[in-house]
Amino acid sequence: MDHLTEMDEAHCAAGAERKSHHSDKIKTNLITRLNRIEGQIRGVKGMIERDTYCDDVLNQIAAIQSALNSVGKMLLEGHMRSCVVERIEEGDHDVIDELMKTMNKLMK
């Protein structure tokens with residue numbers, strides 16, 4: 001999948017209420033990934049309920065974290081290529097501080 005090109009399709013709305021406007025293709029991709037992650041989380045819950053060996057549960061948790069990071073990277077890339085660029089072009093440099101705070105949260 002060439003998500004670089006797809007993420008260029010994301011746009012941010014101007015005005016007081018900020019929103020992202022992802023293409024239907026991107027939104028479907030993100031929702032599919034999040035649904036899969038949701039299923040993995042339910043699976044981990046079931047593993048714990050069944051007293052599954054800890055190492056197996058931890059490996060599943062690592063897979064979930066990786067999948068969430070992947071979704072976060074896709075959203076971050078789209079945000080930077082659209083919303084951040086647009087706001088900088090409009091002279092709103094506060095977006096850089098906002099982006100840095102968000103990136104620090106993602107990198108914890």
Side-chain angles (χ1 to χ4, degrees):
M1 174 186 85
D2 183 15
H3 69 273
L4 294 176
T5 305
E6 291 175 13
M7 294 309 287
D8 287 337
E9 299 171 13
H11 303 287
C12 293
E17 184 182 1
R18 294 185 302 184
K19 286 188 171 185
S20 289
H21 298 283
H22 303 289
S23 71
D24 288 340
K25 184 176 181 180
I26 293 168
K27 196 179 291 188
T28 299
N29 184 335
L30 291 169
I31 290 170
T32 298
R33 289 169 180 257
L34 290 168
N35 286 337
R36 191 174 308 127
I37 292 165
E38 186 176 32
Q40 288 176 296
I41 291 170
R42 282 192 304 272
V44 166
K45 180 181 175 192
M47 292 172 82
I48 291 170
E49 290 170 345
R50 292 187 306 277
D51 295 321
T52 302
Y53 184 60
C54 295
D55 192 60
D56 295 337
V57 176
L58 291 168
N59 282 317
Q60 195 60 39
I61 290 171
I64 293 167
Q65 288 173 327
S66 178
L68 275 173
N69 286 341
S70 178
V71 169
K73 287 176 190 175
M74 287 181 67
L75 285 169
L76 179 61
E77 181 180 346
H79 181 57
M80 291 175 69
R81 290 181 178 274
S82 59
C83 305
V84 173
V85 169
E86 288 173 18
R87 287 178 61 188
I88 289 172
E89 287 174 346
E90 293 168 358
D92 180 0
H93 294 272
D94 290 339
V95 71
I96 295 169
D97 292 331
E98 176 186 279
L99 178 62
M100 293 306 299
K101 286 178 189 174
T102 300
M103 289 180 68
N104 283 329
K105 289 176 186 176
L106 284 171
M107 296 172 117
K108 283 186 174 182

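Residues satisfying the side chain to side chain contact (heavy atoms under 4.5 Å, CB included) criterion with Asp94, sequence neighbours excluded, are Asp92. Residues that satisfy the salt bridge (Lys or Arg N to Asp or Glu O under 4.0 Å) test with Asp56, not counting sequence neighbours, are absent from this structure.
Using modelled atom types, no side-chain atom of Asn29 and backbone atom of Lys25 make a donor-acceptor pair closer than 3.5 Å. Within the 3.5 Å criterion, the main-chain N or O of Ser66 finds no donor-acceptor partner in the side chain of Ser70. In this structure, the side chain of Arg50 engages the main chain of Gly46 through a donor-acceptor pair within 3.5 Å.
Atoms CD1 and CD1, on Ile41 and Ile64 in that order, are 5.0 Å from each other to the nearest 0.5 Å. Separation of atoms CE (Met74) and CG (Leu30) is listed at 4.5 Å; rounding is to 0.5 Å. Thr52 contributes atom OG1, which lies 12.0 Å from atom CG of Asn59 (distance to the nearest 0.5 angstrom). For the atom pair NZ (Lys101) and CD1 (Ile96), the distance works out to 13.0 Å, reported to the nearest 0.5 Å. Between the CG atom of Leu34 and the NZ atom of Lys27 there is a distance of 12.5 Å, given to the nearest 0.5 Å. Distance check, rounded to the nearest 0.5 Å: CE of Met107 to CE of Met100 gives 8.0 Å.
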List the steps and the verdict of side chain to side chain contact (heavy atoms under 4.5 Å, CB included) for Gln40 and Val44. CA-CA 6 Å; Gln40 288 176 296; Val44 166; 5.7 Å; no
List the steps and the verdict of side chain to side chain contact (heavy atoms under 4.5 Å, CB included) for Ile88 and His93. CA-CA 5 Å; Ile88 289 172; His93 294 272; 3.9 Å; yes
Decide yes or no on side chain to side chain contact (heavy atoms under 4.5 Å, CB included) for Val95 and Glu86, but give the supporting numbers first. CA-CA 10 Å; Val95 71; Glu86 288 173 18; over 6 Å; no
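At most 12 non-hydrogen atoms from other residues, nucleotides or ligands lie less than 6.0 angstrom from CE of Met80.
Under a hydrophobic clustering in which Ile, Leu, Val, Met, Phe, Trp and Tyr are joined whenever their side-chain heavy atoms come within less than 4.5 Å, directly or via other members, Ile48 and Leu58 fall into different clusters.
Shortest non-hydrogen contact noted between Ile37 and Val71 is CD1-CG2, 4.1 Å.
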